[in-house]
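First up is the structure itself, then whatever we jot down about it.
Since the structure is predicted, the reported quantities are computational estimates derived from the model, not experimental observations.
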Amino acid sequence: MALTVRERRLPQLHISLDVPSCAFRHPNPPAAASASAPRASGEFRLSEFDRLAVLGRGNGGTVYKVAHRRTSALYALKVLHRGDPAAEVDALRRAGSSPHVVRCHSVLLAPAAAPGDVALLLELVDGGGSLDAVAARRGAFPEAALAEVAAQALSGLAHLHGRRVVHRDVKPANVLVGAAGDVKIADLGIARVLPRAGDRCDAVAYEGTAAYMSPERFDTERHGHADPRSADVWGLGVTVLELFMGRYPLLPAGQKPSWAALMCAICFGELPSMPDGAASPELRAFVAACLQKDYTKRASVAQLLAHPFVARRDVAASKDALRRLVAGA
């Protein structure tokens with residue numbers, strides 16, 4: 001079960017951004033046969049889309065499933081309500097194209113009825129939903145499916161980090177899986193672009209979801225210049241452990257997830273023990289490498305991609321296990 005407790009936030013700076021009706025287009029639009037960008041030239045406009053369903057709502061905006069009226073191509077449309085889309089747009093522009101990160105095809109101005117709103121036309125990941133939605137339907141994940149989730153999510157993080165983008169809110173709700181077993185990192189709403197490769201970022205705290213926040217983000221005075229990429233690794237570790245256990249893992253079952261309880265558990269608590277025989281040595285070691293409280297000792301994304309839990313998995317069997325889990329087989 002994914003927690004939705006959100007941490008306290010610092011006041012946000014309201015930076016104006018003059019976004020044209022199509023601020024950027026995906027450089028390599030997929031074929032029209034896929035549920036993605038139509039091939040027609042010209043700018044996208046909100047008036048060209050029909051809203052089919054609400055996919056999700058949050059503090060930052062609402063996500064709709066939409067259809068392009070002329071081509072019937074399907075998308076996810078995220079309408080931002082915060083009035084300050086600059087950071088998310090910057091992160092999306094920097095992120096570019098990866099099979100393991102949800103693509104942004106266009107940035108659109110919302111109608112005059114909602115002045116200041118901006119809409120993001122995103123790739124639709126259909127058939128499965130977020131990892132927490134799959135877990136709510138199917139319960140705990142088998143190890144084979146978990147290994148595939150970890151491998152693909154790490155590939156997405158490697159792509160983002162290689163482009164100096166840190167996600168800062170990795171959790172089951174922000175990782176999507178399609179019917180074919182394709183895993184994609186979503187929601188760059190609080191992502192940031194690091195100034196230069198190798199730089200630290202002082203904006204490590206007070207945005208995101210407290211339950212998935214790393215220890216150093218609770219103590220910014222001492223760790224104000226921690227590498228935020230290591231915080232993404234922590235979030236992935238909590239995600240993998242949660243999917244394995246079938247519940248949020250860092251608090252005892254049934255305990256109220258208050259800010260104080262989460263801070264104590266994350267900063268000072270021991271990792272939950274996995275019953276003997278319930279988890280392989282490879283999974284135990286992988287989770288332990290992600291959830292080192294000292295961020296300087298935490299594994300990097302590159303190290304985790306080479307970890308036996310991921311690198312030695314049976315790729316075909318793992319992907320098949322994930323597909324069957326998503327399909328409810």
Side-chain angles (χ1 to χ4, degrees), residues 94-102 131 141-172 174-178 180-186 188 191 194 196-201 204 212 214-217 226-245 249 271-272 274 278-323 325:
R94 169 69 64 174
S97 174
S98 165
H100 302 299
V101 178
V102 170
L131 292 180
F141 280 40
E143 270 201 39
L146 266 183
E148 191 62 26
V149 167
Q152 294 192 46
L154 283 167
S155 294
L157 287 177
H159 174 83
L160 291 175
H161 293 177
R163 290 173 172 251
R164 297 189 279 112
V165 177
V166 287
H167 189 281
R168 304 201 307 155
D169 200 17
V170 177
K171 59 182 180 180
N174 285 343
V175 183
L176 308 182
V177 58
D182 298 318
V183 176
K184 297 174 185 283
I185 294 174
L188 300 186
L194 296 176
R196 292 183 305 276
D199 280 1
R200 298 293 193 257
C201 175
V204 295
Y212 303 91
S214 59
E216 66 272 13
R217 293 183 69 189
D227 187 341
R229 285 164 287 218
S230 63
D232 285 350
V233 168
W234 176 278
L236 179 64
V238 177
T239 294
V240 168
L241 187 55
E242 178 175 324
L243 296 175
F244 176 76
M245 296 181 66
L271 291 182
M274 301 181 193
S280 68
E282 290 80 9
L283 173 57
R284 293 171 188 267
F286 181 88
V287 170
C290 292
L291 298 185
Q292 290 290 322
K293 294 186 186 296
D294 182 347
Y295 71 91
T296 65
K297 298 178 181 178
R298 205 171 298 151
S300 68
V301 167
Q303 289 170 331
L304 291 170
L305 280 168
H307 193 281
F309 179 64
V310 168
R312 296 180 188 173
R313 78 191 189 284
D314 183 326
V315 175
S318 291
K319 192 154 190 177
D320 184 62
L322 183 58
R323 280 194 297 261
L325 186 71

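- Closest approach of M274 and A279 over heavy atoms only: SD-CB, 3.3 Å.
- With V177 as reference, L131 is the one residue of L325, D182, L131, V149 to meet the side-chain contact (heavy atoms from CB on, under 4.5 Å) rule.
- Taking all atoms of both residues into account, the shortest heavy-atom contact from Q152 to V183 is OE1-N, 2.8 Å.
- Heavy-atom minimum distance, A186 versus V102: CB-CG2, 3.8 Å.
- You'll find the side chain of V240 stays beyond 4.5 Å of the side chain of C290, heavy atoms only.
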Given F309 and V287, is the side chain to side chain contact (heavy atoms under 4.5 Å, CB included) satisfied, shown in steps? CA-CA 10 Å; F309 179 64; V287 170; over 6 Å; no

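- P249 has its side chain out of reach of F244: every pair of non-hydrogen atoms, C-beta onward, lies at least 4.5 Å apart.
- Expressed to the nearest 0.5 Å, how far CD of E282 lies from CZ of R312 amounts to 7.5 Å.
- The aromatic rings of H307 and F286 lie perpendicular to each other, with more than 60° between the two planes, well past the 30° mark.
- Looking at S98 and L160, their side chains never come closer than 4.5 Å, going by heavy atoms from C-beta outward.
- Y212 pairs in a side-chain hydrogen bond (donor to acceptor under 3.5 Å, both in side chains) with only one of the listed residues (R168, E242, K171), which is E242.
- With values rounded to the nearest 0.5 angstrom, D232 atom CG is found 7.5 Å from I185 atom CD1.
- The structure places OG of S230 at 4.5 Å from CD of E216, a figure rounded to the nearest 0.5 Å.
- For the atom pair CD (E148) and CG (L322), the distance works out to 6.5 Å, reported to the nearest 0.5 Å.
- Contact detail for V165 and A191: the closest heavy-atom pair is CG1-CB, 4.2 Å.
- No option in L305, V170, V101, V166 other than V170 meets the side-chain contact (heavy atoms from CB on, under 4.5 Å) test with L157.
- The distance from the OG atom of S318 to the CZ atom of R313 is 6.0 Å, given to the nearest 0.5 Å.
- In terms of heavy atoms, G181 sits closest to R323 at N-CG, 3.7 Å.
- To the nearest 0.5 Å, the span separating CD on Q303 from CZ on R298 amounts to 12.5 Å.
- Counting only heavy atoms from C-beta outward, the side chains of L304 and V310 never approach each other to under 4.5 Å.
- The minimum heavy-atom distance between R94 and R164, with the atom names listed, is NH2-NH2, 2.8 Å.
- V175 has its side chain out of reach of K184: every pair of non-hydrogen atoms, C-beta onward, lies at least 4.5 Å apart.
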